[in-house]
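Data block below; observations after.
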There are 2 protein chains.
Amino acid sequence: MSASKRDELVQNALKAFYRGGFHAIGMDALAKETGVSKTAMYKHFRTKEELILATLRLRDEQFRNWLVRRVEALASTPREKLLAIFDALAEWFCEPEFRSCMFIKASSEFQDRNHPIHAASAEHKRLLLVYFQTLTHAAGAQNPDDLARQILLLKEGAIVLAHLHDPEMAASDARAAAQVLITNAGL
Amino acid sequence: MSASKRDELVQNALKAFYRGGFHAIGMDALAKETGVSKTAMYKHFRTKEELILATLRLRDEQFRNWLVRRVEALASTPREKLLAIFDALAEWFCEPEFRSCMFIKASSEFQDRNHPIHAASAEHKRLLLVYFQTLTHAAGAQNPDDLARQILLLKEGAIVLAHLHDPEMAASDARAAAQVLITNAGL
DNA sequence: CTATGAGTTGACCGATCGGTAAACCCAACG
DNA sequence: CGTTGGGTTTACCGATCGGTCAACTCATAG
């Protein structure tokens, strides 16, 4: 029961679920893709739902770490960092493997508000909002919490349209809108 | 082979897919819920995918008609109509049956860009964008196409956050952001 | 050497998946 | 009356679903 095997399993499941969807990928396919038997998987996770929740935890950590790192690398002042969010998004959208947001997809397939998977998706967005709030507060915006929610709004909209229409345009449109909102907040 | 039977079937399928997701609802469950046998359904639709596409066509028509009607009822000038989009959305979000956008969900479950279901979802958003463009042009915005895309961005983000966080807040945040963008476009 | 115990395996469970075949019902027509 | 034919039903197809089980491997302990 090595912990590294478990991590490897979660990483593979993450990729498979991200590409194919949660209901669409079966445990058999997952086992075959990972190169481990199904029984071995069920030693690590008691149900498929537990495995999904583990992939969401990993993805949450991955994504927020990546975003913060990119934003810190691209900008120095809080105001610039708010805009850099959308430059980082543009990079993400243009990756060939980009297929929308894991959590939007999770909440699409598990819609019940008190379903653990739906709740995990909501929590991910809440943590992102917290990060945006630290930036708007640091920047000294007039209504920092309102601005942070609006930035999050633009980010989610950009993801949806990057997936359905044009990735680059979605990112640059969102960036332009954010710039107006940021300026309007006194920055 | 009455056409009304077919329509009734599509309407029932629409409700079932909207509540449960496309992969999660099987044809057996659909047949039982509609009160018709599976074979009868397969007389109208050769595959499940065809049925899904029919539900999306119905939903596209329903939603865009509803939105235009509500916007026309709520506002008279083009500028007011652009804002009224978000008042209409607020009404939608607060319905107890609200469970995000059918097309976001469809594109989440069928992610391949050249999959017919994904394409139908993209087309729905494109038609919405066209409607927004007529409004921004009529309002005399400085960059009407840019503004229309940003309004669409806010609308998609609002849907996602209404589903995951707070419906009323998502709508009002988007409305406030739209107001700033509209004013910034010289209106 | 044998005994043990964790970890792994292929085979299998009942249920359900999307989709089909053949029998059946019943009104219209001769 | 018998025949025909569209619309329906029940029963079924192989494949796959999430999940389980007895058997097997194999390093270690005595």
Side-chain angles (χ1 to χ4, degrees), chain A residues 1-57 102 105-106 108-112 115-118 120, chain B residues 1-57 102 105-106 108-112 115-118 120:
Chain A
M1 170 106 59
S2 64
S4 69
K5 264 286 182 206
R6 191 192 133 110
D7 288 354
E8 187 185 336
L9 214 166
V10 176
Q11 283 192 17
N12 261 64
L14 174 55
K15 268 185 272 190
F17 285 140
Y18 185 57
R19 276 192 300 114
F22 297 97
H23 282 105
I25 299 289
M27 294 298 268
D28 291 87
L30 221 43
K32 195 187 302 183
E33 200 165 320
T34 315
V36 81
S37 80
K38 214 163 34 148
T39 313
M41 297 178 53
Y42 275 95
K43 277 288 187 303
H44 293 290
F45 305 97
R46 280 170 36 233
T47 63
K48 187 184 187 183
E49 179 180 313
E50 228 176 64
L51 172 57
I52 293 176
L53 285 170
T55 68
L56 292 183
R57 272 191 293 273
M102 190 98 186
K105 288 159 56 170
S108 291
E109 295 201 45
F110 304 89
Q111 331 185 23
D112 201 354
H115 191 295
I117 293 178
H118 191 100
Chain B
M1 169 110 60
S2 63
S4 69
K5 264 289 183 201
R6 192 192 132 110
D7 289 354
E8 187 185 335
L9 213 166
V10 176
Q11 284 194 16
N12 261 65
L14 174 55
K15 266 185 272 188
F17 283 141
Y18 185 57
R19 274 192 301 113
F22 298 97
H23 282 104
I25 299 290
M27 294 299 266
D28 291 87
L30 221 42
K32 195 186 304 182
E33 201 165 319
T34 314
V36 81
S37 81
K38 218 168 24 155
T39 312
M41 297 179 51
Y42 275 96
K43 278 286 186 299
H44 293 289
F45 305 97
R46 283 174 31 234
T47 62
K48 186 184 186 182
E49 180 180 312
E50 229 176 63
L51 172 57
I52 293 175
L53 285 170
T55 67
L56 292 183
R57 274 190 292 272
M102 189 98 185
K105 286 158 57 167
S108 291
E109 294 201 46
F110 305 90
Q111 331 184 26
D112 201 355
H115 191 296
I117 293 177
H118 191 100

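Nothing here was measured: the structure is a model prediction, and the numbers come from that model. Chain naming here is simple, since letters A, B, ... match the order of the sequence lines and numbering starts at 1 in each. For the numbers below, each heavy atom of this structure counts, side chains included, while hydrogens, waters and symmetry mates do not.
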Given atom CE of A:Met27 and atom C1' of D:dA15, what is their separation to the nearest angstrom? 18 Å
Quick one, B:Glu50 with B:Leu53, criterion side chain to side chain contact (heavy atoms under 4.5 Å, CB included). Give me CA distance, side-chain angles, the key distance, then yes/no. CA-CA 5 Å; B:Glu50 229 176 63; B:Leu53 285 170; 5.5 Å; no
B:Arg6 has an atom CZ; how far is it from atom P of D:dG7, in whole Å? 14 Å
Give a yes/no answer on whether the side chain of B:Lys48 brings an N or O atom under 4.0 Å of OP1 or OP2 in C:dG18. yes
Return the nearest nucleotide to the side chain of B:Thr39; candidates are C:dG18, D:dT9, D:dG18. D:dT9
Euclidean distance, atom OH of residue B:Tyr42 to atom C1' of D:dC13 [Å, nearest integer]: 13 Å
Verdict with supporting geometry, A:Phe110 and A:Glu49, side chain to side chain contact (heavy atoms under 4.5 Å, CB included): CA-CA 11 Å; A:Phe110 304 89; A:Glu49 179 180 313; over 6 Å; no
Determine whether A:Arg19 and B:Gln111 make a side-chain contact, defined as any pair of heavy atoms from C-beta on separated by less than 4.5 Å. no
Taking for each residue the nucleotide of DNA chain D bearing the nearest heavy atom, is the 5' side occupied by A:Arg46 or by A:Ala24? A:Ala24
How many Å lie between NZ on B:Lys43 and P on C:dC25, as a whole number? 17 Å
Take atom CD of B:Glu109 and atom P of C:dC17, then tell me their distance rounded to the nearest Å. 14 Å
For B:Met41 and D:dT10, give me the distance from atom CE to atom P, rounded to whole Å. 15 Å
Closest of D:dG19, C:dG18, C:dT9 to the A:Val36 side chain is C:dT9
Stepwise side chain to side chain contact (heavy atoms under 4.5 Å, CB included) test for B:Met27 and B:Leu51: CA-CA 10 Å; B:Met27 294 299 266; B:Leu51 172 57; 4.1 Å; yes
Describe the nucleic acid contact of A:Leu30 in one word from base, sugar-phosphate, nothing, applying a heavy-atom distance below 4.0 Å. nothing
Kindly point out which of C:dT8, C:dG18, D:dG19 is positioned nearest to the side chain of A:Ser37? C:dT8
State which of D:dG18, C:dG18, D:dT9 makes the closest approach to the side chain of B:Lys38. C:dG18
Looking only at side-chain atoms of A:Ala40, point me to the closest of D:dT9, C:dT9, C:dG18. C:dT9
Between B:Glu8 and B:Val36, is there a side-chain heavy-atom distance shorter than 4.5 Å? no
Separation of atom CD1 in A:Ile25 from atom C1' in D:dT16, rounded to whole Å: 13 Å
Rounded distance (Å) that lies between atom P of C:dG10 and atom CG of A:Asp28: 12 Å
How is B:Leu51 classified with respect to the nucleic acid when contacts are heavy atoms under 4.0 Å: base, sugar-phosphate, or nothing? nothing
